[in-house]
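Report on the structure given below.
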Amino acid sequence: MPALWLALALLATDGDGLRFEGSVTAGGGYDSNLLVAPGEDGAGSAVATLAANGGASVDLSDALVLHVGATLDGTRFATLSELDRTSAGAGATLLVDVVGPLAVVVGATGAYGWFADPARSGATVIGRATLRWRPSPWLTTRAGYAHVERTAVDPVYAARYDRLLAELEFHPARATWISLAAFVERGTSTYYRELLPATYEPYQAPSTTTGLGLGFEQGLGGGFSVDLGASWRRTGTPDGVYTGPSASAAITWRLD
């Protein structure tokens, strides 16, 4: 990391300088999509999360902005303790202003997660590209693609999939944001089949997941904001279909 910070500092001499950013988020909610058993009820749990992020942005030119950052987070599950994890990661994002309100955002993220069940521990790498159109200060639209590769000590818990995302973000007031999103994921992931009553075996299967999400963020002053979210997912595999909702709430403090 020291070499990266030095490179950014040198680049900043030709731009507007480095801008350092950071945040801490604490939240919780309920997710019903944790252990999906197609054709049956999936297993869900109440969730608690704590995350810290830090990074820096630099203007490489009038049309190019580079952001690098790192994150550390922990997640705990009330009734599925084997999924408890701590993860650390880093990433970089490049924003290119194309013309007028149109911009392209490309980036990559890498992270490693340590699970309470060691067989699930492994690395995740994500590559993404997004087309952003901001026709007015109160409206932003995004269309994006991401590829996700997740490894695990036991390969049955690995995953590989592609995601398409479309989002509308409204900014009706100075400190208020509302977002509507739809996504499609297609790839291979982990699912569960019942061998005996209340005894499930993990297995890999191809699947297609579609989902809808709603988000709300309200600034509270002093760098604090409250974030609320809800989503619904439908997962289809050769063995059946599963649908389920999730909801979350969090308080975030930002330094920028």
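Note: hydrogens, waters and symmetry copies are ignored here, and every other heavy atom, side chains too, is used. Along the sequence shown, the residues carry numbers beginning at 1.
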In one Ile/Leu/Val/Met/Phe/Trp/Tyr side-chain cluster, 4.5 Å: Tyr30, Leu34: no
Would you kindly confirm whether Leu35 and Phe77 end up in one hydrophobic cluster when ILVMFWY residues are joined by side chain heavy atoms under 4.5 Å apart? yes
Shortest non-hydrogen contact from Ala119 toward Ala152: O-CB, 3.7 Å
Side-chain donor/acceptor of Gln218 to backbone N/O of Thr176, under 3.5 Å: no
Is there a chain of hydrophobic side chains (I, L, V, M, F, W, Y, each step under 4.5 Å between heavy atoms) that links Leu102 to Val104? yes
Do any N or O atoms from the side chain of His67 and from the backbone of Ala92 form a donor-acceptor pair under 3.5 angstrom? no
Pro118 versus Val153, closest heavy-atom pair with distance: O-CG2, 3.5 Å
Can you tell me how far CZ of Arg76 sits from CG of Leu83, rounded to the nearest 0.5 angstrom? 11.5 Å
Side chains of Val96 and Arg132: does their closest heavy-atom pair fall under 4.5 Å? no
Are the side chains of Tyr112 and Ser121 in touch, meaning some heavy atoms are under 4.5 Å apart? yes
Report yes if some heavy atom in the side chain of Gln204 is under 4.5 Å from a heavy atom in the side chain of Thr190; otherwise report no. yes
So, for Arg254 and Ser225, which heavy atoms are closest and what is the spacing to 0.1 Å? NH1-OG, 2.9 Å
For a quick check under 3.5 Å, do Asn33 and Thr235 share a side-chain donor-acceptor pair by atom type? no
Is there a donor-acceptor contact under 3.5 Å linking the side chains of Thr124 and Arg150? no
Can you hop from Leu139 to Ile178 via hydrophobic side chains spaced under 4.5 Å? yes
Could you give the distance from CG (Asp59) to CG (Leu64), rounded to the nearest 0.5 Å? 9.5 Å
Could you give me the CA-CA distance, side-chain angles and deciding distance for Ser246 and Arg233, then say whether side chain to side chain donor-acceptor pair (under 3.5 Å) is met? CA-CA 8 Å; Ser246 63; Arg233 297 165 66 98; over 6 Å; no
Please walk me through it: do Leu180 and Leu214 pass side-chain contact (heavy atoms from CB on, under 4.5 Å)? CA-CA 5 Å; Leu180 299 171; Leu214 173 65; 3.3 Å; yes
Could you check whether the rings of Trp138 and Phe170 sit parallel, tilted or perpendicular, using 30° and 60° as the cut-offs? parallel
Distance, nearest 0.5 Å, that separates CG of Leu168 from OG of Ser179: 9.5 Å
Is Leu94 close to Leu60 at the side-chain level, that is, under 4.5 Å between some pair of heavy atoms? yes
Atom OG1 in Thr141, atom CG in Leu131: separation rounded to 0.5 Å? 7.5 Å
Which atoms form the tightest heavy-atom contact between His147 and Tyr145, and what is the distance? CB-OH, 3.5 Å
Tyr203 and Tyr191 aromatic ring geometry - parallel, tilted or perpendicular at 30°/60° bounds: tilted
Side chains of Thr75 and Thr49: donor-acceptor distance under 3.5 Å anywhere? no
Using side-chain heavy atoms (C-beta onward) and a distance below 4.5 Å, is Ser189 in contact with Tyr161? no
Looking at Trp114, I'd like to know if its CH2 atom is crowded, meaning that more than 12 non-hydrogen atoms belonging to other residues, nucleotides or ligands lie closer than 6.0 Å. yes
Which heavy-atom pair separates Pro206 from Pro238 by the least distance, and what is that distance? O-CD, 3.2 Å
Between atom CG of Asp73 and atom CG of Asn53, what is the distance when rounded to the nearest 0.5 Å? 8.0 Å
Report whether Val24 and Val226 are members of the same hydrophobic cluster (ILVMFWY, side-chain heavy atoms less than 4.5 Å apart, transitive linking). no
First locate atom CZ of Phe20, then atom OG of Ser57, and finally report the distance between them rounded to the nearest 0.5 Å. 10.0 Å
Are any of the side-chain heavy atoms of Asp162 and Arg186 separated by less than 4.5 Å? no
Short side-chain to backbone donor-acceptor contact, Ser45 and Ala78, under 3.5 Å: yes
Do Thr93 and Val106 touch side chain to side chain, with heavy atoms closer than 4.5 Å? no
Report yes or no: does Ser32 contribute a side-chain atom to a donor-acceptor pair with the main-chain N or O of Gly44 at less than 3.5 Å? no
For Tyr200 and Ala37, work out which heavy atoms get closest and say how close. CE2-CB, 4.3 Å
